[in-house]
Amino acid sequence: MSSEKILLLDGNSLAYRAFFALPLLTNEHGIHTNAVYGFTMMLQKIMDEENPTHMLVAFDAGKTTFRHSTFGEYKGGRQKTPPELSEQFPYLRKLIDAYGIKRYELEMYEADDIIGTLSRQAETTGQQVVIVSGDKDLTQLATDSTTVYITRKGITDIEKYTPEHVQEKYGLTPLQIIDMKGLMGDASDNIPGVPGVGEKTAIKLLKEHGSVENLYKALDSVSGAKLKEKLVANEEQAKMSKVLATIETNAPIEVSLEDITYSGPNMDEVISIWKELSFKTLLEKTEYVAEEQSTTETKFEIVKEIDFTLLKDEMSLHLELYDEQYHTADLLGIALSDGEQSYFVPGEAAFHSKEFCTWLEDESKTKYVVDSKATQAVSRKHGVSISGVEFDLTLAAYIDNASLSADDVATIGKEYGYFNVLSNEQIYGKGAKKSVPEEEKLAEHATRKALAIWHLKPILEKKLKENEQFKLYKELELPLASILGTMESDGVKVDKQVLVEMGHDLEIKLQQIEKDIHALAGEAFNINSPKQLGVILFEKLGLPPIKKTKTGYSTAADVLEKLANEHEIIEQILQYRQLGKLNSTYIEGLLKEIHTDDGKIHTRYQQALTTTGRLSSVNPNLQNIPIRIEEGRKIRKAFVPSNPEWVMFAADYSQIELRVLAHMSEDDNLIEAFNNNMDIHTKTAMDVFHVGADEVDSNMRRAAKAVNFGIVYGISDYGLSQSLDITRKEAAVFIDKYLKSFPGVKEYMDESIQTAKQKGFVTTILNRRRYLPEITSSNFNLRSFAERTAMNTPIQGSAADIIKKAMIDMAERLEKENMQTKMLLQVHDELIFEAPPEEIALLEKIVPEVMESAIKLNVPLKVEYAYGSSWYDTK
DNA sequence: TTAATCACG
DNA sequence: ACGTACGTGATTAAC
């Protein structure tokens, strides 16, 4: 039965590991919990990943084992189990029982032996086995069908030992691990081995002789007199050590593979143990909390035809869609709730009701929804222009805490103490198994969401008001959602022919380059595979590997650029990568996204995703269309006005982030620079290098530009050194000089970090928040990252606030001026419009005017614009 | 599904 | 000494 997977856990070893890996946590009664906690985390992770059908946790039984009759001092001199750990074993056993996992221990035997015996039994039937332990000795059990997972550093970080991995690591077969232990011994188990023989020597000897027995048969051929002497003197001890290190695979266990069938946890019990031990994070995170608590009956009625008497002045409304891509998704039905009565109208029937459509368009009828942008977009597709949307659950939750990435009602509900909703995954399944359930179930799911919105509205609104974020939510994000919805629905026209022709050119060039590369390499290989490319460059051609990744050599562009002088293949590869990217992502990728009915691309803006307040763009991403390199920039020729007579009009903020920094830091020098409309990178170069404006050369300006970027990102000398390819010391000098020239900036950076430490969050101009709990972490990396974020988020986030406000003002102004111009795209600091030629003159006036006055800073905002017959021509 | 790479601001 | 620049999304290879 190949679908079966048997999971065997070494209970003692894992408990020890967890105990020493984690700090001594306690619950409110002072009981230590770290070992149980670590074990649970590990268990959750493994179960998630492996989906075992059979499980067993093996424990050591007592002090004496059969090994003690071989060697009295086996495991001698061991430290006594700390009492802080001993007290946790009863809880651990209780927890394992609650999980429904079989526990087993056997007099005179150790956990290893139970695991070894069961894994060999499974072997005979060819079943997949996964063994988990903190003890490397168990790697001797690895076979083609048995993988041994050994915990690394922490407890959830795992190294997987297959026979191949053992070979790679030690150059030995799993069974030779026993011989290795026999020779080198094991201090923790008090196995003596051969004194003076360590891992290195043991491996060397075994590679030559295969086993301890063969080694002693061929002692004469061992080089090194000293070594030979030691081996001779300790022959018996070596052989005994090998016996001790051998895991018994034929122990008289009274448990069979059938006995350890796993049939799922009793979550009530598991949760009650978690509560007893105060595992707060686990309690919060778990899906089961919702499942457990959402069994409440929800009253609802399925209506095939809407009766207008059920449409109230104030209702929550939910359009249940089958896919998050709402521009094309099927509408499964509509749920309505007034807090008392809930209704479900299957399919698209509701939109066939005149009463319902009128109700949707009536501004005085208030609607509360989960995602107003999607709701409006789907309604618009059905010819209805919805109005009166006064609450958007997703946006409210996002403003409250952008880091939660809670995009579904169940997750948001859980966060705010409302549990009566199931997740979409629980209803529809995921991956290939995803499907629409029967109508009753679907109706219950959708109406539960509608009811959830109703209940969550007051909770969220209260919280947003308390945090002075209500205005940000209600007057910025909510109106913006409508504007984005319109932009998405309008879409941008793409000239297919332009892309197709570029694609042909690229294909030809790519084929040529591919041929050249293969010729230079002397063999054909997949250039797109970093793994294969690494072998060619760093092994076959012998180029020096500059950087490594987790899995091998890095072949990233910055590495290759450093090798450009070493071999002519490098330049070809860089070229190939560049063109390949253009072709696959931007030619083929965009062509796939053009809607056949209107020849347009309709991206979706994710308005509740980024932690800083920016938008993101998906299906496709129109915020990363090439511009920096001319060849790529030509892609923009394909983005054209929807009416051939019209033009594309683009406007962008100049240096918005540094202007925001000037405003927030109130640094006199920086403010003055912007007030005098100076080139900010040149100004920075002047101050950092102590030179006059006319002495700044291109290199100095380039360095200054990198420093300015660094400042915005939350400076570090290492980061700057990487970007400028200079030493860390040199980078540190630049930073120091910068901060001396702009002392207000330094003060501001320090304050940001301080604020984050005191309040736990940083804020933007419009009071958007980002929580940074890790700013007090004792982990250097986590803390440093939080510190850089504390410096960067107010800057990046405030810039996002500004352009969002500008978009609202702009939409309003276009409406007021009665213009046909359409706002189409937003790319973080720029807005792209399409306009009839007769409106250009007015746009040239109002676009800069509106954008520059979106939010008043203590430095001027500057907007630059251009227009032309395609996006490419707006330069 | 994850890691590597590279496109943008 | 630690090991990083901030924020995103799409494609590809290789499990």
Side-chain angles (χ1 to χ4, degrees), chain A residues 48-49 160 162 402 430-431 525-534 547-560 573-574 576-590 592-593 603-606 609-629 631-633 635-636 652-657 661 706-724 728 731 735 770 777-797 799-800 803 825-830:
Chain A
D48 270 1
E49 282 173 10
K160 302 180 177 180
T162 55
K430 68 170 173 181
F525 67 101
N526 186 347
I527 306 166
N528 283 321
S529 160
K531 198 174 160 190
Q532 293 181 35
L533 180 61
K547 209 165 66 179
K548 275 197 286 188
T549 65
K550 255 189 231 173
T551 51
Y553 312 110
S554 169
T555 67
D558 62 325
V559 172
L560 296 188
I573 290 166
L574 287 166
Y576 182 87
R577 284 244 179 99
Q578 214 173 76
L579 300 183
K581 178 86 176 177
L582 288 181
N583 197 36
S584 59
T585 306
Y586 297 103
I587 302 289
E588 291 171 0
L590 287 177
K592 270 186 250 166
E593 298 285 352
T603 187
R604 265 168 48 238
Y605 290 101
Q606 303 268 51
L609 185 143
T610 71
T611 46
T612 54
R614 276 191 177 181
L615 301 175
S616 92
S617 156
V618 291
N619 296 123
N621 181 355
L622 294 186
Q623 291 181 320
N624 70 347
I625 303 301
I627 187 165
R628 292 173 191 168
I629 293 163
E631 261 167 315
R633 189 175 203 158
I635 299 278
R636 295 178 174 225
D652 70 289
Y653 283 109
S654 161
Q655 302 298 350
I656 189 168
E657 292 188 333
L661 176 62
V707 172
N708 280 328
F709 267 99
I711 292 294
V712 169
Y713 292 156
I715 196 87
S716 81
D717 50 7
Y718 184 86
L720 183 62
S721 75
Q722 287 298 298
S723 120
L724 283 176
R728 241 167 106 151
I735 293 168
R770 176 158 181 188
S777 168
S778 57
N779 178 320
F780 177 88
N781 282 331
L782 292 179
R783 191 177 62 247
S784 302
F785 182 64
E787 287 173 358
R788 292 197 296 273
T789 318
M791 299 186 261
N792 171 266
T793 296
I795 300 172
Q796 195 184 114
I803 194 163
L825 301 170
Q826 188 253 43
V827 191
H828 309 307
D829 65 355
E830 66 175 321

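Computed from a predicted model, the values in this text were never measured in an experiment. Naming: A, B, ... by sequence-line order, numbering from 1 per chain.
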Asker: Need one value for N526(A): base, sugar-phosphate or nothing, where a base atom within 4.0 Å counts as base even if backbone is also close, heavy atoms only.
Answerer: sugar-phosphate
Asker: Hey, does G589(A) reach any base, or is it just sugar-phosphate, or nothing, if we go heavy atoms under 4.0 Å?
Answerer: sugar-phosphate
Asker: Of all the choices, dT12(C), dT8(C), dC6(B), which nucleotide is nearest to the side chain of L609(A) once you look at every atom?
Answerer: dT8(C)
Asker: Ignoring hydrogens and geometry beyond distance, is the side chain of Q796(A) in donor-acceptor contact with the base of dC6(C) at under 3.5 Å?
Answerer: yes
Asker: Just verifying a value: how many Å separate F780(A) CZ and E787(A) CD, rounded to the nearest 0.5 Å?
Answerer: 8.0 Å
Asker: What is the nucleic acid contact for A790(A), judged by heavy atoms within less than 4.0 Å: base, sugar-phosphate only, or nothing?
Answerer: nothing
Asker: Choosing from dA10(C), dG7(C), dT12(C), which nucleotide comes nearest the side chain of T610(A)?
Answerer: dG7(C)
Asker: Which nucleotide sits closest to the side chain of Y586(A): dG3(C), dA7(B), dC8(B)?
Answerer: dA7(B)
Asker: With sugar-phosphate meaning primed atoms plus P, OP1 and OP2, does R577(A) contact a base, only sugar-phosphate, or nothing at under 4.0 Å between heavy atoms?
Answerer: sugar-phosphate
Asker: For DNA chain C, whose closest nucleotide is more 5', that of D717(A) or that of T793(A)?
Answerer: D717(A)
Asker: With the side chain of F709(A) defined as its heavy atoms from C-beta on, choose the nearest nucleotide among dA5(C), dC8(B), dA4(B).
Answerer: dA5(C)
Asker: Students often get this wrong, so: under 4.0 angstrom with heavy atoms, is A557(A) touching a base, only sugar-phosphate, or nothing?
Answerer: sugar-phosphate
Asker: Need one value for V712(A): base, sugar-phosphate or nothing, where a base atom within 4.0 Å counts as base even if backbone is also close, heavy atoms only.
Answerer: nothing
Asker: On a whole-Å scale, what distance lies between the P atoms belonging to dC2(C) and dA7(B)?
Answerer: 32 Å
Asker: Do R770(A) side-chain and dG7(C) base share a donor-acceptor contact under 3.5 Å?
Answerer: no
Asker: Could you tell me whether I795(A) contacts a base, only the sugar-phosphate backbone, or nothing, with contacts defined as non-hydrogen atoms closer than 4.0 Å?
Answerer: nothing
Asker: From dG3(C), dA5(C), dA14(C), pick the nucleotide closest to the side chain of S529(A)?
Answerer: dA14(C)
Asker: Could you measure the distance from the OG1 atom of T555(A) to the CD1 atom of I573(A)? Nearest 0.5 Å is fine.
Answerer: 8.0 Å
Asker: Counting Watson-Crick and G-U wobble pairs only, both distances under 3.5 Å, name the nucleotide matched with dA1(C), or none.
Answerer: none
Asker: Which nucleotide in the set dA4(B), dG3(C), dT4(C) lies at the smallest distance from any side-chain heavy atom of T551(A)?
Answerer: dA4(B)
Asker: Classify T585(A) by what it touches in the nucleic acid, base, sugar-phosphate, or nothing, heavy-atom distance under 4.0 Å.
Answerer: sugar-phosphate
Asker: Counting only side-chain heavy atoms from C-beta out, which of dA10(C), dG9(B), dA3(B) sits nearest to V618(A)?
Answerer: dA10(C)
Asker: Is R788(A) side chain donor-acceptor paired with the dT4(C) base, going by distance under 3.5 Å alone?
Answerer: yes
Asker: Ignoring backbone atoms, establish whether R628(A) has a side-chain N or O less than 4.0 Å from OP1 or OP2 of dA7(B).
Answerer: no
Asker: Contact class for I627(A) vs. all strands (heavy atom < 4.0 Å): base, sugar-phosphate, or nothing?
Answerer: sugar-phosphate
Asker: If you measure from CZ on R614(A) to CG on L609(A), what distance do you get to the nearest 0.5 Å?
Answerer: 12.5 Å
Asker: Check the pair I587(A) / I635(A) against side chain to side chain contact (heavy atoms under 4.5 Å, CB included), numbers first and verdict last.
Answerer: CA-CA 8 Å; I587(A) 302 289; I635(A) 299 278; 3.7 Å; yes
Asker: Which nucleotide in the list dG9(C), dC6(C), dC6(B) gets nearest to the side chain of S616(A)?
Answerer: dG9(C)
Asker: If you look at every strand shown and take non-hydrogen atoms under 4.0 Å, does N624(A) touch a base, only sugar-phosphate, or nothing?
Answerer: base
Asker: Nearest of dG3(C), dG9(C), dG7(C) to any side-chain atom of K581(A)?
Answerer: dG9(C)
Asker: Can you tell me which residue among N624(A), V618(A), N619(A) is in a side-chain contact (heavy atoms from CB on, under 4.5 Å) with N621(A)?
Answerer: N624(A)
Asker: Taking the side chain of F780(A) as its heavy atoms from C-beta onward, which of dC6(C), dC2(C), dA7(B) lies nearest to it?
Answerer: dC2(C)
Asker: Does dA14(C) have OP1 or OP2 under 4.0 Å away from a side-chain N or O of Q532(A)?
Answerer: yes
